[in-house]
Amino acid sequence: MTIISLIKSCKHKSHLFQLHSFLLRSSHLYNPTIFLAFLSRLALPPLRDLSYSGRIFSEFPDPNVSLYNTMIRAHSFSRDSARKGFHLYQELVSSGISSNALSASVAVKCCTKIKSLCNGMQVHARIWKDGFLSDGLLLTTLMDFYSYLEKGDDAYKVFDEMSERDVVAWNVLITCYTRNGRTRDALALFDKMTNSDTCRPDDVTCLLALQACGSLNSLEWGEKVHNYILEQGLINARNVCNSLIAMYSRCGCVEKAFEVFKQLVDRDVISWTSMISGLASNGYGRDAIEAFKQMQREGISPGDQTFTGLLSACSHSGLVDEGRMFFQAMSRDFGITPNVHHYGCMVDLLGRAGLLHEAYEFIRSMRIKPDAAMWRTLLGGCRIHGNVVLGERVVEHLVELKAQEAGDYILLLNIYSLSGNSEKVMEVRKMMKDKGIQTTPASSTIELKGKVHEFLANDVSHPMKKEVYEMLAEINQQLRIAGYVAEITAELPNTLPKGKAYALSYHSEKLAIAFGILSTPPGTTIRVAKDLRICADCHNFSKILSAVYNRKLVIRDRSRFHHFQDGRCSCNDYW
DNA sequence: CTAGGGTTAG
């Protein structure tokens with residue numbers, strides 16, 4: 001008994017090693033209970049040592065289920081070892097030792113890590129055979145497995161067949177919805193839980209709901225969840241507060257995010273990172289940098305995502321020198337090796353600032369292989385600065401990666417169009433047609449009374465389409481009086497027979513804005529989220545609209561926010 | 001016979 005508590009109290013691997021030789025000498029190690037305690041300490045985090053524990057496990061004369069389970073679990077923590085974990089499970093199953101529900105649970109976990117549907121289904125079949133289907137914990141793991149592999153229907157099926165469902169099972173179901181593009185259903189589920197008396201939302205449920213609100217740009221929903229959190233006294237949970245900060249930031253309300261941040265007493269890296277990223281994406285680059293400095297003064301060390309936020313702050317605000325400095329400091333002073341996101345921010349930073357060749361050289365000098373997203377970022381820079389030569393070269397890289405998408409050709413098209421090369425524009429158009437490149441229409445969403453309305457480019461599906469189009473015509477007229485001229489760029493993928501200017505006025509964001517003007521009283525801020533990048537014309541349109549209609553307008557792009565007010569935009573020339 | 005397993009925010 002004392003030996004087991006001794007094992008449990010080991011804080012360092014070296015202590016465990018010392019203990020190991022003692023246990024060997026005193027032959028305590030052949031006691032299965034003691035051996036299990038020792039193995040668990042050595043194989044599981046925080047002291048996890050796979051090779052050492054693997055060796056003593058394989059040397060143990062007659063391993064039992066628990067020892068196997070511990071080893072399988074030990075392998076389930078990382079992608080690299082999870083395959084081995086699954087093999088151990090197979091070994092266990094064929095060894096004649098009877099496996100239990102826990103064995104299946106940790107095996108499923110391994111399958112999730114290696115993303116192997118077929119292995120997971122094998123385990124599922126075994127669970128069925130062994131009659132473990134009444135084990136809630138095991139089924140929750142299984143649900144998470146299907147959800148992670150984007151097999152939503154299979155996850156729902158498991159949920160359906162569960163006899164008892166606790167909060168965690170519900171939470172996994174919500175996660176499954178958000179992961180598989182059913183964000184609105186996730187919120188509906190949250191609602192259902194608040195009204196049920198059997199399964200009330202806990203902190204994790206709230207955090208998942210907030211995540212959904214953030215991705216839908218649904219401020220009203222977010223506030224509703226916030227109220228629920230206050231009512232239930234969940235506001236003291238740090239994970240909930242951190243999610244609130246992220247939600248408000250993602251809805252374009254940095255002020256509210258900051259309020260939550262201020263009231264949070266024990267801020268961790270995630271709190272700071274959320275705040276920094278929120279400030280960054282909303283155009284407060286300098287404040288993001290200040291926050292970063294304050295964070296260090298308070299003794300919180302930054303993580304890799306903190307730098308992603310910080311570098312994107314620099315790129316969105318055009319702070320080139322600062323960005324370069326932080327990028328260097330990151331590995332030099334903080335020991336964080338740059339990842340794709342960091343490199344991407346730097347390419348964006350240099351590209352937006354017009355240092356296109358430097359950006360190109362930067363990509364070539366990277367220690368990782370550039371992915372399509374990286375080249376696309378540079379292509380965006382070429383688009384802003386109208387660099388045809390480099391743009392063509394970048395597209396070649398994308399072709400080489402076999403990753404060209406419709407959006408890439410559209411960007412190239414824009415670049416040609418900007419330089420007035422209409423022949424090339426036609427050529428690209430033809431090429432897209434020949435290659436059969438499908439363009440999915442852009443989408444913009446706007447929330448009204450808790451309901452999210454979606455508009456596509458040239459949309460005719462909305463129930464209020466007639467009013468919306470009439471409103472847009474009226475807005476166009478009003479804006480023209482104020483000097484708005486539709487900018488003819490070739491942004492639109494789907495060319496309509498009636499010509500560009502026509503098509504241009506039916507961009508999805510304009511429809512959403514018209515709907516917003518139509519259905520909210522004057523003075524209400526209009527919040528629109530768009531899945532792609534806002535185009536120059538819509539940007540200009542929004543600027544003038546904010547003055548003429550005296551409205552605040554917040555548009556969330558695929559990467560950032562545009563706050564329009566009094567004829568100006570928060571991002572100035574860096575659109 | 002013990003113990004040991006599930007969701008989660010940047």
Side-chain angles (χ1 to χ4, degrees), chain A residues 1 4 7-8 31-37 39-41 43-44 64-74 76-77 99-110 112 132 135-145 147-148 155 158-159 162 165-179 186 201-215 229 234 237-250 257 260-261 264 267-281 291 295 300 302-310 312 341:
Chain A
M1 202 55 215
I4 293 194
I7 292 169
K8 285 187 177 162
N31 176 334
T33 316
I34 292 176
F35 185 69
L36 176 61
L39 191 73
S40 310
R41 194 77 189 126
L44 303 175
N64 58 25
V65 219
S66 305
L67 292 174
Y68 263 104
N69 291 351
T70 305
M71 280 320 283
I72 299 170
R73 187 158 122 80
S76 74
F77 291 102
S99 66
N100 57 26
L102 181 58
S103 324
S105 179
V106 287
V108 171
K109 193 93 207 198
C110 287
T112 309
F132 297 144
D135 189 317
L137 264 69
L138 173 54
L139 293 187
T140 312
T141 320
L142 201 57
M143 269 177 74
D144 185 54
F145 163 76
S147 144
Y148 190 73
V158 175
F159 182 81
M162 281 171 84
R165 308 172 184 112
D166 62 0
V167 220
V168 183
W170 282 91
N171 290 346
V172 173
L173 186 66
I174 294 180
T175 312
C176 184
Y177 279 147
T178 47
R179 272 209 277 251
D202 65 355
D203 56 337
V204 177
T205 320
C206 292
L207 158 163
L208 294 170
L210 289 172
Q211 209 183 14
C213 297
S215 80
I229 289 164
L234 291 165
R238 189 171 51 191
N239 54 358
V240 169
C241 285
N242 290 348
S243 305
L244 275 170
I245 295 167
M247 183 276 291
Y248 280 125
S249 300
R250 290 221 70 199
V260 177
F261 179 81
L264 179 60
R267 302 166 193 141
D268 62 358
V269 222
I270 299 175
S271 326
W272 282 99
T273 304
S274 307
M275 200 60 243
I276 290 170
S277 314
L279 289 166
S281 58
M295 167 185 181
I300 307 287
D304 53 349
Q305 296 197 54
T306 316
F307 280 99
T308 309
L310 189 62
S312 81
H341 304 290

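Order of the sequence lines fixes the chain letters, A, B, ..., with proteins taken first and strands second; residue numbering starts at 1 for each chain. Given the structure is predicted, the values throughout are model-derived calculations rather than measurements. For the numbers below, each heavy atom of this structure counts, side chains included, while hydrogens, waters and symmetry mates do not.
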A:Asp268 atom CG is separated from B:dT8 atom P, nearest whole Å, by 17 Å
Protein-nucleotide distance (A:Ile245, atom CD1; B:dA9, atom P), rounded to Å: 15 Å
For A:Phe307, check ring-ring contact (aromatic ring centres under 6.0 Å, His included) against everything at least two apart and list the hits. A:Phe292, A:Phe334
Name all residues meeting the ring-ring contact (aromatic ring centres under 6.0 Å, His included) criterion together with A:Phe35; count only those two or more places apart in sequence or in a different chain, and write none if there are none. A:Phe60
Counting any heavy atom closer than 4.0 Å, what does A:Gln305 reach on the DNA or RNA strands: base, sugar-phosphate only, or nothing? base
A:Val172 and A:Thr140 have their tightest heavy-atom pair at CG2-CG2, 3.5 Å
Quiz question: by atom type and distance under 3.5 Å, do the side chains of A:Asp202 and A:Thr205 form a donor-acceptor pair? yes
Has A:Arg73 got a side-chain atom pairing as donor or acceptor with A:Leu44's backbone, closer than 3.5 angstrom? no
Provide, to the nearest angstrom, the distance between the CH2 atom belonging to A:Trp170 and the P atom belonging to B:dT8. 18 Å
In B/S/- notation (B base, S sugar-phosphate only, - none; protein heavy atoms under 4.0 Å), nucleotides 1-7 of chain B written 5' to 3' is -BBBBBB
Atom-to-atom span, CG of A:Asn242 to P of B:dA9 - whole angstrom: 11 Å
If we count only N and O atoms by modelled type, under 3.5 Å, do the side chains of A:Asp144 and A:Thr141 hold a donor and an acceptor together? no
